[in-house]
Amino acid sequence: GALLAAGLFHVKASGESKAAGCSHPIEQEVPMKTILAATDLSARSDRAVLRAAHLARDTGAALHIIHVIDEDLPGAMLLAQTTEVEATLSAMVAENPALADLSPSLDVEAGHLDSLLPKLMRERDIDLLVVGSHRRRGLADVFGAPTLSRLLRSVDVPVLVAVGRPEGTYEAVTIGWDFSPAGEAAAKAVQDFAPSAAMTLIHAWQDPVAGTPYGFETGGTIPPEALDRLRSKLQRAAMEMVQDGTPPATDVIIGPAGHVLRRYAAEHGADLLAMGRHARTGLARILLGSTAEDVALNAPCDVLIAPPL
């Protein structure tokens, strides 16, 4: 099943990243107000709610849980279902100490998820949306790729796709870095709610005239001078992310961005993959597709998708 959570953080965070035997302290004011968790009440819809509970516990944020009912139901059925869902939500919280300790507020709303959530987020000043689903079926089946795509395009805040079991704070984060404002937004969001995570910046390079999606997986090359320039530029970006200590690790990998990031995260045991989303429209979107949506639907771990700053 699918469920969603949105969060806002107001906490002074400080931590050390222990990537590759190094550390870099981060100390900053992290905005926080409310975590909004929306659930469809399915048996497998607990991962994002639990991730929201972890975030609420760690940051002191208030937790708000919402269930959305189809507004097209007949009036009597809508009223009966609302009453039933209110009772189910109350029982769910009472039976789970991690939720009960947070004393979350509960709400049932009528509407359509992909249009209602952006509206609620604007009204409640939410600045992080978390979406979760059962891993084996995936968001494409449970949440619906069109619905996820519309959400990614309609919200102007980072979207966290909760895939793994929320057993603690994030420890190893892979950040897709393309030198864009959206990539910077993704890195900042990671620093906000996972300040102690070990971070690695990955730049995926692909020849713009490559004739096949995986052309560089089968022998494509980049001139050594260009590769050196990219590596130096990436290392400078990593240095600029920290004021003291050692910056995140970096790497330049040849291949399509979505494929490179998913494979790197899987091979290096990342529990979060973060990247920026670009506002492509029209023909550019048809021809180039959406790397962010591809990663969100197919990554082996949690995914953070950030809009441009």
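- Distance CD/E84 to CG/L41: 9.0 Å, rounded to 0.5 Å.
- In plain terms, the two heavy atoms of S154 and P118 that are nearest each other are OG-CG, 3.4 Å.
- Summarising the geometry of I126 relative to T34, their closest heavy-atom pair is CD1-O, 3.9 Å, with the distance given to 0.1 Å.
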Stepwise side chain to side chain contact (heavy atoms under 4.5 Å, CB included) check, I202 with I175 | CA-CA 6 Å; I202 298 296; I175 301 177; over 6 Å; no

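- Between V93 and the options S105, P104, S103, a side chain to side chain contact (heavy atoms under 4.5 Å, CB included) holds for only P104.
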Assess whether side chain to side chain contact (heavy atoms under 4.5 Å, CB included) is satisfied between F179 and L230, documenting all intermediate values.
-> CA-CA 10 Å; F179 307 101; L230 271 176; 4.1 Å; yes

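- Scanning for side-chain hydrogen bond (donor to acceptor under 3.5 Å, both in side chains) contacts around E95 gives an empty result, with sequence neighbours left out.
- Residues L50 and P166 form a side-chain contact, since some pair of their non-hydrogen atoms from C-beta on lies under 4.5 Å apart.
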Audit row: D107, H64, side chain to side chain contact (heavy atoms under 4.5 Å, CB included) steps and yes/no | CA-CA 8 Å; D107 236 352; H64 184 75; 3.4 Å; yes

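- At least one side-chain heavy atom of I253 sits less than 4.5 Å from a side-chain heavy atom of R263.
- D271 CG to E167 CD: the interatomic distance, rounded to the nearest 0.5 Å, is 10.0 Å.
- Other residues, nucleotides and ligands contribute at most 12 non-hydrogen atoms within 6.0 Å of the CD atom of E171.
- For the pair L272/F193, a side-chain contact is recorded, criterion being any heavy-atom separation below 4.5 Å from C-beta on.
- A donor-acceptor pair under 3.5 Å is absent between the side-chain atoms of N96 and the main chain of M92, judged by distance alone.
- With rounding to the nearest 0.5 angstrom, the OH atom of Y170 is 3.5 Å from the CZ atom of R51.
- Looking at heavy atoms from C-beta onward, W177 lies in side-chain contact with E184 at the 4.5 angstrom threshold.
- The two atoms that bring A266 and P300 nearest to each other are CB-CG, 3.8 Å, heavy atoms only.
- Here CD1 of I305 is found 9.5 Å from CG of L160. Values are rounded to the nearest 0.5 Å.
- Listed for the S115 side chain is a donor-acceptor partner under 3.5 Å among the backbone atoms of H112.
- Summarising the geometry of L304 relative to A186, their closest heavy-atom pair is CD2-O, 3.7 Å, with the distance given to 0.1 Å.
- Note: L63 CG to L99 CG = 6.5 Å, rounded to the nearest 0.5 Å.
- Under the 4.5 Å side-chain criterion, counting only non-hydrogen atoms from C-beta, R236 is not in contact with M239.
- Residues L129 and M121 are in side-chain contact: their nearest non-hydrogen atoms beyond the backbone lie under 4.5 Å apart.
- Annotation: the span from E267 atom CD to R262 atom CZ amounts to 12.0 Å, rounded to 0.5 Å.
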For C301 and V163, run side chain to side chain contact (heavy atoms under 4.5 Å, CB included): C-alpha distance rounded to whole Å, both residues' side-chain angles, the deciding distance at 0.1 Å, then the answer.
-> CA-CA 6 Å; C301 60; V163 175; 5.8 Å; no

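- In terms of heavy-atom proximity, V295 sits nearest to G258 at CG2-CA, 3.8 Å.
- When all heavy atoms of L261 and L273 are compared, the pair lying nearest together is O-CD1, 3.3 Å.
- Remark: the H67 side chain and the T39 side chain contain no N/O donor-acceptor pair separated by less than 3.5 Å.
- Under 3.5 Å, the side chains of R231 and H203 contain no donor-acceptor pair of N or O atoms.
- Between T169 and D58 the shortest side-chain heavy-atom distance falls below 4.5 Å.
- Here the side chains of M199 and Q191 are in contact, with some heavy-atom distance below 4.5 Å.
- Under the side chain to side chain contact (heavy atoms under 4.5 Å, CB included) test applied with E86, the options T88, L89, T82 reduce to a single match, T82.
- The closest side-chain donor-acceptor pair between H54 and R57 falls under 3.5 angstrom.
- Cluster annotation: M77 and L79 are assigned to distinct hydrophobic clusters (Ile/Leu/Val/Met/Phe/Trp/Tyr, side-chain heavy-atom contacts under 4.5 Å, transitive).
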